[in-house]
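Heavy-atom basis, side chains included; hydrogens, waters and symmetry copies ignored.
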Amino acid sequence: MPFWNPFEPIRDLDITRLLPADLPRDKRFETRADAERTRQTTIRLLSHPKFGSRRHAEILQDCRDGHYPCEMPFCHVCMRQFRIWRSAEVLRLGRAAKGPIHFLTLTLDRVGFNELDGEEHCLTGYRQRVYQQFRKEMPRAIALGGLEASRKRGTTKVRIHLHLLLFNATEAQIEAFCDRYYGGHREHKLIRARKLPRLVSYVQKFATYQRPGKQKGGRKPPAVPLPPRLHTPLIKWMAAHDPWDFVFLFNLRRQGNRLMPNPAVRHAFKPLGGAYSAYGAYRQLCI
């Protein structure tokens, strides 16, 4: 079993309670039913006679039918559990942070869907590049993020980008970092992280949809499935990676099911408690 499953967060760190099912779909954390519907849509698109992928469709069908949990990045049901674990850990760190938290989105690459390749566009390479940039420019910063690929509106290109929560760094330091590495033709977006639960759910996504309309104020356009000719290359690219490949850590490390700051920057947090319920911790000991 992967380290994030089974996992039952304590009530205050449970993203499914903080963004409950009675909220509108674009504001709540996805329910199990939401994830199952999205998985079924993925199966349908992968079953397209010309642009689909029978092998990847069968993986999801076996997972849906209960033969085994596939734990693939393109399975929204399996990744929902991964995101619940991830959200609990981020909230735990966020609530213990002594200073301000910033939310940063970096655009790392743009590539045509038909050119998207798991080896050439490997997430390990993107992570290493950003890691070295942080190490050179902001060695005391603490960064926790998730990589994602999504369609650039109005094009047939996919945008590979990284959502980051940043601790122990000032806005001026982050802006200088972005100006050096992500100015000009590259895109970045920086905001102060105030609505933490919403941002936490946004940090790590495994999106296989698009929003073709324009955003009006705070209202996002509705999400719709990608057409099969674009959907299948994205799924194949995702399948070439492990779920952990989508995670970016700087000055943090994983110890079992917990994310812990490196000793040199531990002062940036108050004492860190656990994220498990008592029953969840008991189940972990029984595995």
Side-chain angles (χ1 to χ4, degrees), residues 30 35 37-64 70-79 82-83 105-130 133 145-164 181-182 184-189 202-215 220-248:
E30 65 181 14
R37 281 193 295 269
T38 304
R39 180 172 62 183
Q40 191 59 37
T41 298
T42 302
I43 292 172
R44 175 177 60 80
L45 293 171
L46 288 172
S47 300
H48 190 278
K50 183 177 180 180
F51 298 111
S53 172
R54 182 175 179 180
R55 180 170 69 89
H56 293 92
E58 288 177 347
I59 290 173
L60 290 185
Q61 288 169 343
D62 288 343
C63 185
R64 176 198 63 190
C70 69
E71 309 294 353
M72 296 296 286
F74 58 90
C75 178
H76 286 76
V77 175
C78 290
M79 290 304 97
F82 180 87
R83 292 177 67 222
T105 297
L106 302 174
T107 297
L108 306 180
D109 203 358
R110 295 187 189 89
V111 59
F113 276 89
N114 60 344
E115 300 170 348
L116 197 58
D117 180 81
E119 293 185 4
E120 184 178 351
H121 304 100
C122 179
L123 289 176
T124 301
Y126 292 113
R127 289 202 323 269
Q128 289 177 345
R129 188 180 76 193
V130 178
Q133 291 168 351
L147 289 128
E148 181 187 4
S150 62
R151 184 181 186 179
K152 183 170 174 59
R153 185 169 59 84
T155 73
T156 57
K157 289 187 176 291
V158 64
R159 186 171 65 105
I160 299 174
H161 52 279
L162 174 62
H163 299 302
L164 289 166
Y181 293 109
Y182 297 93
H185 68 284
R186 293 184 178 273
E187 297 177 5
H188 73 273
K189 182 178 180 181
Y202 196 78
V203 165
Q204 190 75 66
K205 296 185 294 179
F206 297 90
T208 56
Y209 56 83
Q210 60 178 334
R211 296 184 185 272
K214 291 185 178 181
Q215 183 167 334
K220 293 181 180 179
V224 298
L226 287 163
R229 65 185 177 86
L230 304 181
H231 180 267
T232 298
L234 177 62
I235 294 297
K236 289 181 177 179
W237 175 80
M238 295 175 75
H241 296 90
D242 183 85
W244 188 251
D245 292 338
F246 290 81
V247 176
F248 177 85

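Taking the six-membered ring for Trp and thresholds of 30 and 60 degrees, His163 and Tyr202 have ring planes inclined between 30 and 60 degrees apart.
Of the inter-residue distances, the one linking Leu60 atom CG with His76 atom NE2 reads 10.0 Å to the nearest 0.5 angstrom. Expressed to the nearest 0.5 Å, how far OG1 of Thr232 lies from CZ of Phe74 amounts to 10.5 Å. Here CG of Leu147 is found 11.5 Å from CG of Asp109. Values are rounded to the nearest 0.5 Å. Atom NE2 of His56 sits about 13.0 Å away from atom CD1 of Ile43, to the nearest 0.5 Å. The distance from the CD atom of Glu148 to the CZ atom of Arg159 is 8.0 Å, given to the nearest 0.5 Å. Distance OG1/Thr38 to CD/Gln40: 10.5 Å, rounded to 0.5 Å.
Remark: Pro243 pairs with Trp4, Pro73, Met79, Phe82 by the side-chain contact (heavy atoms from CB on, under 4.5 Å) rule, at least two apart or across chains. Every residue two or more places apart in sequence or in another chain was checked for a salt bridge (Lys or Arg N to Asp or Glu O under 4.0 Å) with Arg39, and none qualifies. Not counting sequence neighbours, the partners of Glu58 by the side-chain contact (heavy atoms from CB on, under 4.5 Å) test are Arg54, Gln61.
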Stepwise side-chain contact (heavy atoms from CB on, under 4.5 Å) test for Arg151 and Leu234: CA-CA 10 Å; Arg151 184 181 186 179; Leu234 177 62; over 6 Å; no
Item to complete: Go through the steps to decide whether Leu226 and Leu45 satisfy the test side-chain contact (heavy atoms from CB on, under 4.5 Å), and finish with yes or no.
Response: CA-CA 9 Å; Leu226 287 163; Leu45 293 171; 5.7 Å; no
Checklist entry - So Arg127 and Leu162, side-chain contact (heavy atoms from CB on, under 4.5 Å) or not? Walk me through it. => result CA-CA 9 Å; Arg127 289 202 323 269; Leu162 174 62; over 6 Å; no
Open item on the list: Determine whether Met238 and Thr208 satisfy the following criterion, side-chain contact (heavy atoms from CB on, under 4.5 Å), listing intermediate values before the conclusion.
Closed with: CA-CA 10 Å; Met238 295 175 75; Thr208 56; 3.9 Å; yes
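Between the side chain of Asp245 and the backbone N or O of Asp242, at least one donor-acceptor pair lies under 3.5 Å. At least one donor-acceptor pair closer than 3.5 Å links the side chain of Trp237 to the backbone N or O of His121. Between the side chain of Thr41 and the backbone N or O of Arg37 there is at least one donor-acceptor pair closer than 3.5 Å. At distances below 3.5 Å, not a single donor-acceptor pair connects side-chain atoms of Arg83 with backbone N or O atoms of Glu30. Between the side chain of His241 and the backbone N or O of Leu123 there is at least one donor-acceptor pair closer than 3.5 Å.
For Thr107 and His161, the side-chain atoms include no donor-acceptor pair closer than 3.5 Å.
Scanning both residues, Cys70 and Ile59, for their nearest heavy atoms gives CB-CG2, 3.7 Å. Considering every non-hydrogen atom in both Gly118 and Ala240, the closest pair reads CA-CB, 3.8 Å. Of all heavy-atom pairs spanning Cys63 and Cys78, the tightest one is SG-SG, 3.7 Å.
Side-chain contact between Tyr126 and Ile160 is present, with heavy atoms from C-beta onward closer than 4.5 Å. Considering only heavy atoms from C-beta on, Arg110 stays 4.5 Å or farther from Thr155 through its side chain.
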